[in-house]
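Nothing here was measured: the structure is a model prediction, and the numbers come from that model. Each chain gets a letter, A, B and so on, in the order the sequences are listed, and its residues count up from 1.
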Protein chains: 2
Amino acid sequence: MREGPDIARIASLVGDPARANMLNALMGGTALTASELALEAGVSLPTASSHLGKLMEGGLLTVASQGRHRYYGLAGPQVAGMIEAITGVAEAVGPKRVRPGPRDAAMRVARVCYDHLAGEQAVAMLDRLVAKNVLVRDEQEIRLGPSAASHFAAIGIDVYTKPRRPVCRACLDWSVRRSHLAGTLGAAILDKILAEKWARREKDSRAVIFSLPGKQAFEKVFLS
Amino acid sequence: MREGPDIARIASLVGDPARANMLNALMGGTALTASELALEAGVSLPTASSHLGKLMEGGLLTVASQGRHRYYGLAGPQVAGMIEAITGVAEAVGPKRVRPGPRDAAMRVARVCYDHLAGEQAVAMLDRLVAKNVLVRDEQEIRLGPSAASHFAAIGIDVYTKPRRPVCRACLDWSVRRSHLAGTLGAAILDKILAEKWARREKDSRAVIFSLPGKQAFEKVFLS
DNA sequence: CGCATAGTTCGTTCCTCATCGAAGCGTTCT
DNA sequence: AGAACGCTTCGATGAGGAACGAACTATGCG
């Protein structure tokens, strides 16, 4: 019975399915709110809050309060590395669970990621905006390009009115494995998509379903 | 609520104190019997047997029956790497070190990590081998450099004889937070260190204690 | 054979901990 | 101010699983 760093304590934190889902969700690098994590983990808000408290006490998470939101994020790259290592073992050891359900397919195409759009559509959009030099990215950073203000003003989005959060942020897409656009700009674009009724949100799901004309309009504005 | 490799299942296996102690004991690289592991974990034999069954079912252990003994060992270096990663987080997060004893200090200098050397010595060695271009690393990958074969042949290590596992692997060191050398080459080097009696293994510990001449010999061969 | 040792299986007990509803606090919006 | 929202705390419930003693299987030794 030897003593060392309390590995069981840390592992048991990750060992609960709800907490594991939360940590997995946070592996993208973007901080998420308690509600978002509750949804992600498939548990009620009180349960999620309890889990988050434990993860905080265990030192695996950091939290930043912004207004009435609390943004939870991984405590650091070391924690992320640990989760990667566990994931590697799980993948090597466990049989692959293949079940691409119908809702799952829709989720891959487009879904809500807290307050912005994620999925193939969102990744394609960011790619296109960068290609057109409207946005400029180097590594994880995304900044507004020179033509950004006029470009977004033309479609009714003011990129300067919401100073609190970063305007642009990269958010790693779990289905595509590449970044999409977060931040207030990402949120504003999602707002527009829903306001214009180009798409609707699936009930009780993060999936976002584009109508046929809506998809065409979206592509004309953001993918042309 | 996403699906992926079942990380919670693996983590919860490590998350029980008894099982964590067992895995820790097996990090020394030597296979142990159920009775020894029961003692190590501080539980009764039936309890230990149950835990071992679960670890087996989870794919974290292998077993070899020899007569009426059953020798349990870690399933592989990937599992060892995962435990190192968890240990690193536990160490970083739990500053409540009860006793940073002498054995702990020795562990930081050099210790066994499943089948290869870890600790400051091991990290320094990998750095030096890369600096000398004997090994080439980019990111997480480590490959043999052009002079590797002759360099290791000169000290009696054949880098081509063990085709099953990767020859080189990076393994993140929990005490130094940088990579050391794993894989068959790492294992062969540890073998040599012990065979040449440059160092001995601490009883009931992962610590590796270099003798003074042994340390000099090691530095001459690997750090010069 | 009989006896000892090594491990596993079984059944029971017990306790931790995940879960959710309801209520409480703080923030933001109108 | 009042209403809506985001999140946490409290309390009760329930299930999973860790623990061990006893019984069972297998191997080794005279």
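A straight line from CZ of B:Arg70 to P of C:dT9 spans 9 Å, rounded to a whole angstrom. Atom OH in B:Tyr72 sits roughly 8 Å away from atom P in C:dG7 (whole-Å rounding). Rounded to an integer number of Å, the gap from CG of B:Leu32 to P of C:dA6 is 15 Å. Whole-Å rounding puts the A:Glu57 CD to C:dC17 P distance at 11 Å. Rounded to whole angstrom, the span from the NE2 atom of A:His69 across to the P atom of C:dT28 amounts to 9 Å.
The side chain of B:Thr33 places an N or O atom within less than 4.0 Å of a non-bridging phosphate oxygen (OP1 or OP2) of C:dG7. When the side-chain nitrogen and oxygen atoms of A:Lys54 are compared with OP1 and OP2 of C:dA18, one or more of them lie within a distance under 4.0 Å.
Nearest-nucleotide assignment on DNA chain C puts the 5′-proximal partner with A:Arg19, out of A:Arg68 and A:Arg19.
Listed by chain and number, the residues in a side chain to side chain contact (heavy atoms under 4.5 Å, CB included) with A:Ala80 are A:Met27, A:Leu74 (sequence neighbours excluded). The side chain to side chain contact (heavy atoms under 4.5 Å, CB included) search around B:Arg201 returns B:Val112, B:Leu194, not counting sequence neighbours. Among residues two or more places apart in sequence or in another chain, the side chain to side chain donor-acceptor pair (under 3.5 Å) test is passed with A:Ser44 by A:Thr47. Scanning for side chain to side chain donor-acceptor pair (under 3.5 Å) contacts around B:Arg70 gives B:Ser65, with sequence neighbours left out. Take B:Ala31 and apply the side chain to side chain contact (heavy atoms under 4.5 Å, CB included) test, not counting sequence neighbours, and it matches B:Tyr71. Residues passing the side chain to side chain donor-acceptor pair (under 3.5 Å) test with B:Thr33 are B:Glu36, sequence neighbours excluded. Annotation: side chain to side chain contact (heavy atoms under 4.5 Å, CB included) contacts of B:Arg200 (sequence neighbours excluded): B:Glu202, B:Ile209.
Residue pairs meeting the side chain to side chain donor-acceptor pair (under 3.5 Å) criterion with at least one partner in residues 48-63 of chain B, sequence neighbours excluded, are B:Arg19-B:His51.
Terminal axes of the helix from C:dC1-D:dG30 to C:dT30-D:dA1 (five pairs each, C1' rotation axis) are separated by 30°, to the nearest 10°.
The stretch residues 43-53 of chain A comes close to DNA chain D through A:Leu45, A:Pro46, A:Ser49, each having a heavy atom under 4.0 Å from the strand.
Among B:Leu37, B:Ile83, B:Leu13, B:Asp16, the one residue that satisfies the side chain to side chain contact (heavy atoms under 4.5 Å, CB included) test with B:Leu23 is B:Ile83.
Nucleotides of DNA chain D lying under 4.0 Å from heavy atoms of chain A occupy a range whose first and last members, 5' to 3', are D:dA4 to D:dT9.
In this structure, A:Arg128 contributes its side chain and A:Ser224 its backbone to a donor-acceptor pair below 3.5 Å.
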Can you give the donor-acceptor pairs under 3.5 Å from side chains of residues 213-221 of chain A to other protein atoms, not counting sequence neighbours?
unit_1, atom_1, unit_2, atom_2, d
A:Lys215, NZ, A:Glu219, OE2, 3.1

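Heavy atoms of B:Tyr71 sit nowhere under 4.0 angstrom from any nucleic acid atom.
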